[in-house]
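Below, all heavy atoms of this structure are taken into account, side chains as well, without hydrogens, waters or symmetry copies. Per chain, numbering begins at 1; letters A, B, ... match sequence-line order.
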2 protein chains.
Amino acid sequence: MYGIGRLSSLANVKIPTIRYYEEINILPEAERSSGGQRRYRQSDLERLNFIRHARDLGLGIEDIRDLLRLSENGENPCVDADRIAAQHLSRIKDKIKHLRRLEKELKRIVSHCQSETIGDCYVIQSLANHALCGDEHKEGL
Amino acid sequence: MYGIGRLSSLANVKIPTIRYYEEINILPEAERSSGGQRRYRQSDLERLNFIRHARDLGLGIEDIRDLLRLSENGENPCVDADRIAAQHLSRIKDKIKHLRRLEKELKRIVSHCQSETIGDCYVIQSLANHALCGDEHKEGL
DNA sequence: CTTGCCTCTCTAGTAACTAGAGCTTTTATA
DNA sequence: TATAAAAGCTCTAGTTACTAGAGAGGCAAG
């Protein structure tokens with residue numbers, strides 16, 4: 001049994017974040033010391049590690065909640081977990097696509113500006129006038 | 001002079017968003033009709049188009065505020081605008097790098113899972129146990 | 001028993017909107 | 001001109017995943 005500070009450094013998750021996870025019920029309510037402080041055990045650390053790891057991969061809290069629920073019974077079919085991961089992967093691919101379009105457009109705009117003053121700055125002109133854009137950059141996340 | 005609905009469809013920005021932009025002072029306070037409704041003119045549309053365009057490129061409101069301020073005087077040097085755009089470009093590059101790492105890791109995890117039940121689902125195992133990760137995916141945005 | 005660190009709850013703030021309630025104004029039609 | 005539909009108004013609260021800070025209380029070492 002250890003306190004929240006120790007759990008925090010073991011899992012590499014900040015203290016307020018741990019309390020937040022408890023509040024939104026992805027961590028169970030912690031046991032308390034006689035004075036009311038949270039006390040944790042190994043299983044809490046494991047669950048928190050799972051959460052942090054999933055967060056590092058960019059999964060949202062609701063997906064993580066589903067994954068935790070699924071993982072609680074080893075007999076569950078794993079297609080649901082696979083689907084969550086696969087959907088997340090496709091969201092990431094979409095984001096990459098979108099960001100690449102932005103990157104391309106910004107590169108074009110930035111490299112194109114050779115002027116001295118705002119009056120004929122290509123950056124400003126591009127923003128003011130969509131017609132100067134080479135490409136589309138309106139969709140997606 | 002037209003109403004907020006028309007401005008909204010001309011600029012392709014939702015009505016509440018326009019009011020929000022006014023509230024945070026990146027759009028000037030609109031003139032009002034005798035009954036108190038907002039009335040806009042061409043210059044408002046141009047400013048709003050500028051904003052939307054910058055948002056489409058992923059720029060944050062504070063950057064846009066700076067760009068708008070700079071663009072108000074054509075004599076201003078344009079290095080400041082260029083710097084804002086260049087910094088944004090580098091943030092985008094970083095995000096792409098980060099997302100590509102996640103993509104790689106998720107692909108590995110998803111394709112690796114051939115099981116039927118959660119008990120030996122590679123997705124779940126990877127999340128529970130960081131040692132199964134091929135790569136790092138902890139840094140950055 | 002005291003000192004100092006750890007932890008507690010609660011509120012509010014972040015970014016950039018979005019949704020909805022309940023009401024008033026404007027516009028189009030009869 | 002009367003009325004009804006469409007458009008607009010303000011205000012509050014919700015979204016995501018935390019983070020910061022105030023002010024009070026718990027805990028372990030010496």
#### Entry: Heavy-atom check, side chain of B:K93 versus side chain of A:K107, under 4.5 Å
yes
### From CA spacing to verdict: salt bridge (charged side-chain N to carboxylate O under 4.0 Å, His left out), A:D44, A:R47
CA-CA 5 Å; A:D44 296 309; A:R47 194 173 173 101; over 6 Å; no
#### Entry: Protein-nucleotide distance (B:E62, atom CD; C:dG13, atom C1'), rounded to Å
15 Å
### Message
Regarding A:D94 and A:R91, does a basic nitrogen lie under 4.0 Å from an acidic carboxylate oxygen?
### Response
no
### Query
Would a 4.5 Å heavy-atom cut-off, applied to side chains only, mark A:K95 and A:I92 as touching?
no
### Task
Compare side-chain N and O positions of A:R32 against OP1 and OP2 of C:dT9 and report whether any pair is under 4.0 Å apart.
yes
### Task
Calculate the interatomic distance between B:I4 atom CD1 and C:dT18 atom P; express it in whole Å.
13 Å
Quick one: which protein N/O atoms are closer than 3.5 Å to N/O atoms of nucleotides 1-3 of chain D? Pair and distance per line, please.
none

### Message
Please report the distance, rounded to the nearest Å, between CD in B:E31 and C1' in C:dT25.
### Response
18 Å
### Query
Would you say B:Y20 reaches C:dA15's phosphate, i.e. side-chain N/O to OP1/OP2 under 4.0 Å?
no
### Query
Rounded to whole angstroms, how far apart are CD1 on A:I51 and C1' on D:dT16?
16 Å
### Query
Is the distance from OP1 or OP2 of C:dC17 to the nearest side-chain N or O of B:R55 less than 4.0 Å?
yes
### Query
Given that B:G35 and B:I61 both sit by DNA chain C, which one's nearest nucleotide is further toward the 5' end?
B:I61
### Summary
Nearest heavy-atom approach of A:I26 to A:L68 is O-CD1, 3.8 Å
### Query
If you look at every strand shown and take non-hydrogen atoms under 4.0 Å, does A:I24 touch a base, only sugar-phosphate, or nothing?
nothing
### Task
Report the distance from atom CZ of A:R6 to atom C1' of D:dG26, rounded to the nearest whole Å.
19 Å
### Summary
Rounded to whole Å, the CD1-C1' distance (B:I18 to D:dA7) equals 13 Å
### Message
Counting C-beta onward and ignoring hydrogens, is there a side-chain heavy-atom pair between B:I61 and B:Y21 closer than 4.5 Å?
### Response
yes
#### Entry: Validation row: B:D66, B:D80 side chains within 4.5 angstrom (heavy atoms)
no
### Task
Please state how far atom CD1 in B:I15 lies from atom P in D:dA6, giving the value in whole angstrom units.
14 Å
## Note on the structure
Between A:H88 and A:L59 the two heavy atoms that sit nearest each other are NE2-N, 3.5 Å
#### Entry: side-chain N/O A:S33 vs D:dC27 OP1/OP2, d < 4.0 Å
yes
### Query
So does B:Y21 get a side-chain nitrogen or oxygen closer than 4.0 Å to the phosphate oxygens (OP1/OP2) of C:dA16?
no
#### Entry: Rounded distance (Å) that lies between atom P of C:dC10 and atom CD of A:E22
12 Å
### Query
Under 4.0 Å between a side-chain N/O of A:R19 and OP1 or OP2 of C:dC8, yes or no?
yes
### Message
Using OP1 and OP2 only, check whether a side-chain N or O of A:T17 sits under 4.0 Å from D:dT19.
### Response
yes
### Query
Is there a donor-acceptor contact under 3.5 Å from the side chain of B:T117 to the main chain of A:N76?
no
### Task
May I ask you to evaluate whether A:R52 reaches the phosphate of D:dC18, defined as a side-chain N or O under 4.0 Å from OP1 or OP2?
no
### Query
Any idea which heavy atoms bring B:H53 and A:L127 closest together, and the distance?
ND1-O, 3.2 Å
## Note on the structure
side-chain hydrogen bond (donor to acceptor under 3.5 Å, both in side chains) pairs touching residues 23-37 of chain B, sequence neighbours excluded, are B:E31-B:R41
#### Entry: Axis-to-axis angle between the two ends of the helix from C:dC1-D:dG30 to C:dA30-D:dT1 (five base pairs per end, rounded to 10 degrees)
20°
### Message
Given C:dT18, D:dT19, D:dC9, identify the nucleotide with an atom nearest to the side chain of A:P16.
### Response
D:dT19
### Task
Using heavy atoms to find the nearest nucleotide of DNA chain C for B:L59 and A:G3 separately, return the residue whose nucleotide is more 5′.
A:G3
### Message
Taking 4.0 Å as the cut-off, does a side-chain nitrogen or oxygen of B:K14 come that near to OP1 or OP2 on C:dC17?
### Response
no
### Task
Answer yes or no: does a side-chain N or O of A:R38 lie under 4.0 Å from OP1 or OP2 of C:dT7?
no
